[in-house]
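The figures here come from the full heavy-atom set of this structure, side chains too, leaving out hydrogens, waters and symmetry mates.
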Amino acid sequence: MALARRAPRLGLALGSGSARGWAHIGVLQVLDEEGIRPDIVCGSSIGALVGAAYAAGELQRFTEWVQGLGMRDVFGFMDFNITGGMLKGEKLIAFWRRNFADFDIDRSPMPFGAVATDLHSGAEVWLRHGSIADAVRASIALPGLFTPVMRDDGRLLVDGGLVNPVPASLARAMGADIVIAVDLNSDILHRHMRPLAVVREAPAPEALEADAAGAAAPEPVPEPARNVDWVRRLKFWTPDAGAAAPVARPVPVPSVLDVVMTSVNIMQMRITRSRMAGDPPEVIVAPALANLGLLDFHRSSEAIAEGRRAAQASLPQLRRFMG
């Protein structure tokens with residue numbers, strides 16, 4: 001007996017990435033414009049927030065709110081705390097409950113799932129039942145920034161990006177045949193990379209006098225001397241007692257928050273690469289947003305535009321699978 005052919009189920013896995021997460025909106029806009037409607041949506045951290053709005057059919061209204069955010073509005077959601085994390089996160093979720101849909105995930109217009117992390121065991125937790133607002137609050141609880149969430153079952157949950165930054169595996173577990181993964185961390189290290197700073201030595205007085213007198217160009221420096229000169233430019237070089245000390249620029253010391261967030265970004269990028277290598281999604285959309293900082297939520301226009309660009313670049317690959 002011939003097997004009946006069915007349309008493949010399309011799953012969308014929206015990754016973590018703090019303020020870079022507004023790029024998910026641009027990706028979803030392009031999919032809608034192309035008539036591509038996912039059957040399943042799941043998210044980790046900021047991906048869970050945007051994914052919940054999409055699953056609830058609130059994307060347009062949510063986008064309008066996001067585009068109206070200014071720095072004053074962002075800081076207005078900060079309810080500072082002295083235990084568990086810098087922010088309690090209650091203002092943000094209370095706003096969500098008042099202005100956007102909060103319902104049981106089982107009754108979601110589109111199948112939805114979020115990822116969180118059990119702080120005690122380190123286990124990955126899939127949130128597929130209960131309040132969608134509570135699921136989002138747990139998934140965005142970035143350690144050090146937001147306080148953890150205590151569940152009714154006694155689990156203490158934090159950000160899902162710690163264990164599954166781009167939850168393609170959850171999309172497959174929910175029945176997706178084709179997975180579109182939106183990875184916001186693919187180029188994040190570019191924010192912290194700089195070209196090697198060349199340390200210039202102070203010129204000798206006789207060299208300055210020679211230049212002023214219009215002296216001829218000096219003889220080529222022998223190869224060994226050039227090698228020593230290059231080594232001298234590195235930080236590890238300790239000049240001889242009689243050598244001129246190099247003129248070095250002071251290196252800026254990052255804040256505690258910068259150190260923590262950069263470390264989390266590196267971890268998430270490495271985990272994403274490892275997990276997607278083991279279970280690769282069919283399509284990867286990778287917006288380049290290394291220029292956005294952790295709390296740059298007021299820069300939504302840049303993130304949305306880059307999300308649109310990255311999604312449009314991925315359309316030929318997606319069409320091959322959708323056939």
Side-chain angles (χ1 to χ4, degrees), residues 6-18 20-63 66 100-101 105-106 108-116 124 126-128 132 135-136 139-140 160-161 163-186 268 272 275-276 279-287 289 303-304 306-323:
R6 65 173 178 84
R9 299 191 76 200
L10 180 62
L12 191 59
L14 304 180
S16 60
S18 192
R20 299 187 299 280
W22 298 152
H24 292 315
I25 295 174
V27 174
L28 292 169
Q29 288 175 343
V30 170
L31 293 180
D32 279 349
E33 291 164 5
E34 294 293 322
I36 300 171
R37 178 74 172 171
D39 301 289
I40 296 161
V41 61
C42 56
S44 184
S45 193
I46 190 69
L49 178 65
V50 178
Y54 185 63
E58 297 273 11
L59 184 65
Q60 181 59 42
R61 237 169 27 94
F62 183 75
T63 302
V66 166
F100 299 101
I105 294 174
D106 290 321
S108 173
M110 176 183 293
F112 171 80
V115 179
E124 180 177 341
W126 290 349
L127 304 173
R128 298 180 56 188
I132 197 168
V136 168
S139 189
I140 67 172
V163 290
N164 198 352
V166 185
S169 56
L170 175 54
R172 291 205 192 281
M174 292 173 66
D177 301 302
I178 298 171
V179 176
I180 304 173
V182 185
D183 179 11
L184 304 177
N185 298 312
S186 61
Q268 291 186 354
T272 299
R275 296 203 61 154
M276 288 203 298
D279 185 10
E282 280 66 33
V283 179
I284 298 175
V285 181
L289 290 166
I304 292 173
E306 176 56 21
R308 291 184 61 88
R309 184 208 63 78
Q312 288 164 348
S314 301
L315 284 176
Q317 183 184 7
L318 179 58
R319 290 191 183 107
R320 287 204 306 271
F321 286 103
M322 298 301 292

(message) To the nearest 0.5 Å, what is the distance between CD1 on Ile304 and CH2 on Trp22?
(response) 8.5 Å

Can I get a per-line list of side-chain donor-acceptor pairs under 3.5 Å for residues 8-16, giving both atom names and the distance, sequence neighbours left out?
from	atom 1	to	atom 2	distance (Å)
Ser16	OG	Gln268	OE1	3.0

(request) Supply the atom-to-atom distance Leu28 CG to Ile36 CD1, rounded to the nearest 0.5 angstrom. (result) 11.5 Å

(request) Work out which heavy atom in Met110 is nearest to a heavy atom in Asp39; give both atom names and the distance. (result) CG-O, 3.8 Å

(request) Would you indicate whether the side-chain heavy atoms of Val166 and Val182 approach each other to under 4.5 Å? (result) no

(request) Locate the shortest heavy-atom distance separating Ala286 from Ser186; write the atom from each residue and the value. (result) CB-OG, 3.6 Å

(request) Report yes or no: does Arg128 contribute a side-chain atom to a donor-acceptor pair with the main-chain N or O of Gly113 at less than 3.5 Å? (result) no

(message) Listing request: all side-chain hydrogen bond (donor to acceptor under 3.5 Å, both in side chains) pairs with a residue in residues 163-179, at least two apart in sequence or in separate chains.
(response) Arg6-Asp177, Glu124-Asn164, Asn164-Ser169, Ser169-Arg275, Arg172-Asp279, Arg172-Glu282

(request) Indicate yes or no for a side-chain donor-acceptor contact from Ser18 to the backbone of Arg20 under 3.5 Å, with no hydrogens or angles considered. (result) no

(request) Would you give the length of the straight line joining atom CZ of Phe112 to atom CG of Leu127, rounded to the nearest 0.5 angstrom? (result) 8.5 Å

(request) State whether Glu34 and Arg319 are salt-bridged, where the test is any N-O pair (Lys NZ or Arg NE/NH1/NH2 against Asp/Glu carboxylate O) under 4.0 Å. (result) yes

(request) Give every residue pair that meets the salt bridge (charged side-chain N to carboxylate O under 4.0 Å, His left out) criterion with at least one member in residues 21-33, sequence neighbours excluded. (result) Glu33-Arg308

(request) Quick one: pull up CD in Gln317 and CD1 in Ile284 and give me the separation to the nearest 0.5 Å. (result) 7.5 Å

(message) I'd like to check Pro287 versus Arg309 (side-chain heavy atoms, cut-off strictly below 4.5 Å). Are they in contact?
(response) no

(message) Give me the atom names and distance for the closest heavy-atom approach of Val283 to Ser314.
(response) CG1-CB, 4.0 Å

(request) Answer whether the closest heavy-atom distance between the side chains of Asp183 and Asn185 falls below 4.5 Å. (result) yes

(request) Check for a donor-acceptor pair, side chain of Ser44 on one end and backbone N or O of Gly161 on the other, with a separation under 3.5 Å. (result) yes

(request) Give the minimum heavy-atom separation between Ala311 and Val27, together with the two atoms involved. (result) CB-CA, 3.9 Å

(request) Could you tell me the separation between the CZ atom of Arg37 and the OH atom of Tyr54, rounded to the nearest 0.5 Å? (result) 4.0 Å

(message) Restricting to non-hydrogen atoms, name the atom on Pro281 and the atom on Val179 that form the minimum distance, rounded to 0.1 Å.
(response) CB-O, 3.6 Å

(message) With a 3.5 Å distance limit and no angle check, can you tell me whether Ser139 reaches the backbone of Val115 through a side-chain donor-acceptor pair?
(response) yes

(message) So, taking the atom named CD1 in Ile46 and the one named CG in Leu184, what distance separates them when rounded to the nearest 0.5 Å?
(response) 9.0 Å

(request) Please assess Gln29 against Thr63 for the test side-chain contact (heavy atoms from CB on, under 4.5 Å), listing each intermediate value before the final yes or no. (result) CA-CA 10 Å; Gln29 288 175 343; Thr63 302; 3.8 Å; yes

(request) Identify the two heavy atoms, one from Gly175 and one from Ile40, that lie closest to each other, and give their separation to 0.1 Å. (result) C-CD1, 3.8 Å

